[in-house]
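Quick notes on the structure that follows.
Hydrogens, waters and symmetry mates play no part in the numbers below; they use all other heavy atoms, side chains included. All figures in this text were calculated on a predicted structure; none of them were measured in a lab.
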Amino acid sequence: MPSRISSIAIDAAQPRVIADFWCRVLDWRVIDEEDGVISIGPADGSWPTIDVIAVPEKKSVKNRLHLDLRADGSSTAEELERLLDLGARRTDVGQGPEATWVVLSDPEGNEFCLLSRTVQEARTEA
């Protein structure tokens with residue numbers, strides 16, 4: 001039997017800020033909090049979850065692993081505006097002008113991407 005992703009860990013100098021940001025982005029909630037770790041996840045208890053872990057240092061280099069998001073129930077342009085309103089920032093990691101995705105970062109600089117096709121478009125093209 002293969003492994004299954006249980007949780008994704010994000011180190012953060014300000015874990016509450018990052019946990020709150022990702023809860024708003026994903027419409028998730030805090031499911032546990034103890035000893036410098038804030039766990040967030042979907043209301044239905046499904047996996048994976050995200051553990052936001054307090055660390056003393058700030059982020060200093062580009063992520064080696066990142067999340068890719070798709071708009072769900074809205075256009076990609078509307079979702080981009082929503083993410084920017086929530087505190088995401090456009091980020092240049094060397095993507096060229098031909099990129100079909102937008103690179104963003106959370107309030108502590110952790111990169112993630114908003115893909116060009118929505119969930120609904122990706123499902124109909126699959």
Side-chain angles (χ1 to χ4, degrees):
M1 182 172 284
S3 294
R4 186 169 174 196
I5 295 174
S6 171
S7 65
I8 298 160
I10 300 175
D11 289 349
Q14 298 179 44
R16 173 59 57 197
V17 170
I18 299 304
D20 288 347
F21 172 80
W22 284 105
C23 280
R24 290 189 314 271
V25 166
L26 300 169
D27 194 25
W28 284 9
R29 62 184 179 84
V30 173
I31 56 176
D32 192 27
E33 186 171 355
E34 66 178 73
D35 300 327
V37 178
I38 302 172
S39 299
I40 65 172
D44 66 4
S46 62
W47 291 353
T49 59
I50 294 176
D51 290 339
V52 183
I53 303 163
V55 296
E57 69 276 356
K58 293 184 184 244
K59 182 179 177 295
S60 62
V61 297
K62 178 183 167 210
N63 295 1
R64 298 284 306 263
L65 176 73
H66 68 268
L67 303 177
D68 285 345
L69 306 180
R70 289 192 191 279
D72 187 4
S74 66
S75 72
T76 299
E78 291 167 329
E79 182 62 0
L80 175 59
E81 177 133 352
R82 186 182 80 86
L83 294 171
L84 293 170
D85 287 346
L86 290 175
R89 296 181 306 270
R90 289 180 181 266
T91 303
D92 184 355
V93 295
Q95 70 275 19
E98 71 285 348
T100 60
W101 58 90
V102 177
V103 181
L104 301 164
S105 59
D106 72 14
E108 286 199 7
N110 299 299
E111 299 93 6
F112 64 97
C113 295
L114 177 62
L115 303 178
S116 61
R117 293 184 305 156
T118 66
V119 168
Q120 292 72 28
E121 291 166 340
R123 284 185 179 149
T124 60
E125 294 173 13

**Q.** Within residues 65-86 or reaching into it, pairs that qualify as salt bridge (Lys or Arg N to Asp or Glu O under 4.0 Å) - sequence neighbours excluded
**A.** Glu79-Arg82

Under 3.5 Å, side-chain donor or acceptor atoms of residues 30-40 against the rest of the protein: list the pairs with distances, not counting sequence neighbours.
{"residue": "Glu33", "atom": "OE1", "partner": "Arg16", "partner atom": "NH2", "Å": "2.5"}
{"residue": "Glu33", "atom": "OE2", "partner": "Arg16", "partner atom": "NH2", "Å": "2.8"}
{"residue": "Ser39", "atom": "OG", "partner": "Asp51", "partner atom": "OD1", "Å": "2.7"}

Q: Just grab all the ring-ring contact (aromatic ring centres under 6.0 Å, His included) pairs involving residues 1-27, residues at least two apart or on different chains.
A: Trp22-Phe112

Q: Please list, chain by chain and in numerical order, all residues satisfying side chain to side chain donor-acceptor pair (under 3.5 Å) with Glu111, sequence neighbours excluded.
A: Lys59, Asn63

Q: Evaluate side-chain contact (heavy atoms from CB on, under 4.5 Å) for Leu84 paired with Leu104, printing each intermediate quantity in order.
A: CA-CA 9 Å; Leu84 293 170; Leu104 301 164; 4.0 Å; yes

Q: With sequence neighbours left out, write down each residue that passes side chain to side chain donor-acceptor pair (under 3.5 Å) with Ser105, or none if nothing qualifies.
A: Thr91

Q. Would Ile53 and Ile5 show up in the same hydrophobic cluster when neighbours are defined by side-chain heavy atoms closer than 4.5 Å?
A. no

Q: Might you point out which heavy atoms bring Pro107 and Val17 nearest each other, and give the distance in Å?
A: CB-CG1, 3.9 Å

**Q.** Pairs satisfying ring-ring contact (aromatic ring centres under 6.0 Å, His included), at least one member in residues 34-88, at least two apart
**A.** none

Q | Working for side-chain contact (heavy atoms from CB on, under 4.5 Å), residues Ile10 and Ile50 | A | CA-CA 7 Å; Ile10 300 175; Ile50 294 176; 3.7 Å; yes

(Q) Suppose we screen for side chain to side chain donor-acceptor pair (under 3.5 Å). Which residues come up paired with Asp44, at least two apart in sequence or across chains? (A) Ser46

**Q.** Nearest heavy-atom neighbours spanning Ile18 and Ala12
**A.** CG1-CB, 3.8 Å

Q: Could you note down all residue pairs passing salt bridge (Lys or Arg N to Asp or Glu O under 4.0 Å) where residues 88-106 supplies at least one of them, sequence neighbours left out?
A: none

Q: Give a yes or no answer on whether the side chain of Ser116 reaches the backbone of Thr100 with a donor-acceptor pair at less than 3.5 Å.
A: yes

Q) Which heavy atom of Pro48 sits nearest a heavy atom of Ile8, and at what distance? A) CG-CD1, 4.4 Å

Q: Would you kindly confirm whether Leu86 and Leu69 end up in one hydrophobic cluster when ILVMFWY residues are joined by side chain heavy atoms under 4.5 Å apart?
A: yes

**Q.** Co-members of the apolar cluster containing Leu65 [side chain, <4.5 Å]
**A.** none

Q) Where do Asp11 and Asn110 come nearest, in terms of heavy atoms and distance? A) O-ND2, 4.2 Å

(Q) Can you list, by chain and residue number, the hydrophobic cluster partners of Val103 when the side-chain cut-off is 4.5 Å? (A) Val93, Trp101, Leu115

